[in-house]
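Some notes on the structure that comes next.
Below, all heavy atoms of this structure are taken into account, side chains as well, without hydrogens, waters or symmetry copies. In this chain, residues are counted from 1 in sequence order. For ligands, and for the atoms within them, numbers begin at 1 and follow the listed sequence. Because the structure is predicted, anything quoted here is derived from the model rather than measured.
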Amino acid sequence: MKQVQFECRRASKRAMPTGQGKDAQPEGRPELGELDGIPLAKATCQEWSRIQSFQAKPDDLLICTYPKAGTTWIQEIVDMIQQEGDLEKCQRAPVHHRHPFIEWARPPQPSGVDQANAMPSPRTLKTHLPVQLLPRSFWEQNCKFLYVARNAKDCMVSYFHFQRMSKVVPAPGTWQEYFETFMAGKVGWGPWYDHVKGWWKAKDTHRVLYLFYEDIKKDPKREIQKVMQFIGKQLDEATVDKIVRHTSFEVMKDNPMANRAGVPISVMDLSISPFMRKGTVGDWKNHFTVAQNERFNEDYQRKMADTTLTFTMEL
Ligand code: A3P
């Protein structure tokens, strides 16, 4: 994989021409920095040399997603598989603390790199990075990558609501503004299109299990069994059924170790929009106008013309 040069610069009005950077952020909301053309949290940019030189190990499993693609869901599934369906073990910490988030930085708290370095092997780690920004050692160590992709329209809607309620990311502006911002890729971790295509390509040369949110929704048991096979874990039928139940949206929504219940209101205001919001396929139809849908589809066709990757937009 190509390794990019370290570059971190302030998001300027010019670098962020739409939505998030155009107007001053509401009080307390950060602007994004940028790294090789990809918008990222400024603290991540500042930590970049340590992130880039992170030392992966051959038995690391890396959960990779574009934001809002079902990261928390697949984390809970993986943990339930690894803990062989032991619910108590899966309650040991909030799910977002169980797997170090390698590019996460929020001083003075320990960074994702610090947390990963302190974790005993075999490690399960998490990233939202696009392939071109992933620390080189993951490729060199031939790690396993578990990628979950979600259709762009539902990702956009979910990300919009997340940015409304999360205080540590830029405010999204109006839905119409956000619609343009997302299509332009001016959101944290960059364009959805390049992200899903990059990881899709990576599966031809690396150990990538590429799953789809919509497939997990449609047939969770089948997809959970794929994950088990990929990570080399055999479980009996009753345990698999237990995992299916425990990782359903309805159960996870009420699970304080999954629904971000303990996150301070200064970080996330769940009264604005819950973290476990809807958990459906096709909520975009409640947000996109007919005109937006046409404009989106036309732009999408152009951006996705060079891939065999296809998505389910409704079930
Ligand atoms: P919505 O906002 O559409 O409801 P991430 O963990 O990557 O931030 O993704 C969050 C999205 O995944 C949210 O989508 C959330 O509701 C959904 N999600 C989380 N757990 C889920 C589950 N068990 N089943 C279906 N969707 C789930």
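Of all the atoms in ligand 1, the ones that sit under 4.0 Å from a non-hydrogen atom of Thr71 are 5 (P), 6 (O), 7 (O). Ligand-side atoms of ligand 1 in range of Ser248: 23 (N), range being under 4.0 angstrom from any heavy atom. Heavy-atom proximity to Met276, at under 4.0 Å, picks out these atoms of ligand 1: 16 (O), 19 (C), 20 (N). For ligand 1, the atoms closer than 4.0 angstrom to any heavy atom of Met252 are 20 (N), 23 (N).
More than 12 heavy atoms of other residues, nucleotides or ligands sit less than 6.0 Å from atom NZ of Lys203. The number of heavy atoms from other shown groups lying within 6.0 Å of CD (Gln229) does not exceed 12.
Just one residue in the list Lys226, Lys221, Gln225 forms a side-chain hydrogen bond (donor to acceptor under 3.5 Å, both in side chains) with Glu223, and that residue is Lys226.
One option in Ser158, Gly282, Ala258, Ala69 has a heavy atom closer to atom 2 (O) of ligand 1 than any other, and that option is Ser158.
For the atom pair Lys242 NZ and Leu87 CG, the distance stands at 4.5 Å (nearest 0.5 Å). One distance of note links OH of Tyr66 with SG of Cys155; it measures 7.0 Å at 0.5 Å rounding.
At a 4.0 Å heavy-atom cut-off, ligand 1 touches Arg150 through the side chain alone. At a 4.0 Å heavy-atom cut-off, ligand 1 touches Arg277 through backbone and side chain alike.
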- Message: If you apply the rule side-chain contact (heavy atoms from CB on, under 4.5 Å), what do you find for Thr181 with Phe160, and how did you get there?
- Response: CA-CA 10 Å; Thr181 305; Phe160 171 68; over 6 Å; no

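Distances shorter than 4.0 angstrom occur between a heavy atom of Lys68 and an atom of ligand 1. Ligand 1 has no atom lying under 4.0 Å from any heavy atom of Tyr66.
Ion pairing between a basic and an acidic side chain is recognised when a charged N comes within 4.0 Å of a carboxylate O; Glu180 and Lys186 show no such pairing. Using a 4.0 Å cut-off between a side-chain N of Lys or Arg and a carboxylate O of Asp or Glu, Lys303 and Asp299 qualify as a salt bridge.
Of the protein's heavy atoms, Phe275 O, 3.8 Å lies nearest to atom 15 (C) of ligand 1. Taking atom 23 (N) of ligand 1 as the reference point, the nearest protein heavy-atom neighbour is Thr247 O, 2.9 Å. Looking only at protein heavy atoms, the nearest one to atom 6 (O) of ligand 1 is Thr72 OG1, 2.6 Å. The protein heavy-atom contact nearest to atom 26 (N) of ligand 1 is Tyr213 OH, 2.7 Å.
In terms of modelled atom types and a separation under 3.5 Å, the side chain of Lys253 and the main chain of Met276 share a donor-acceptor contact.
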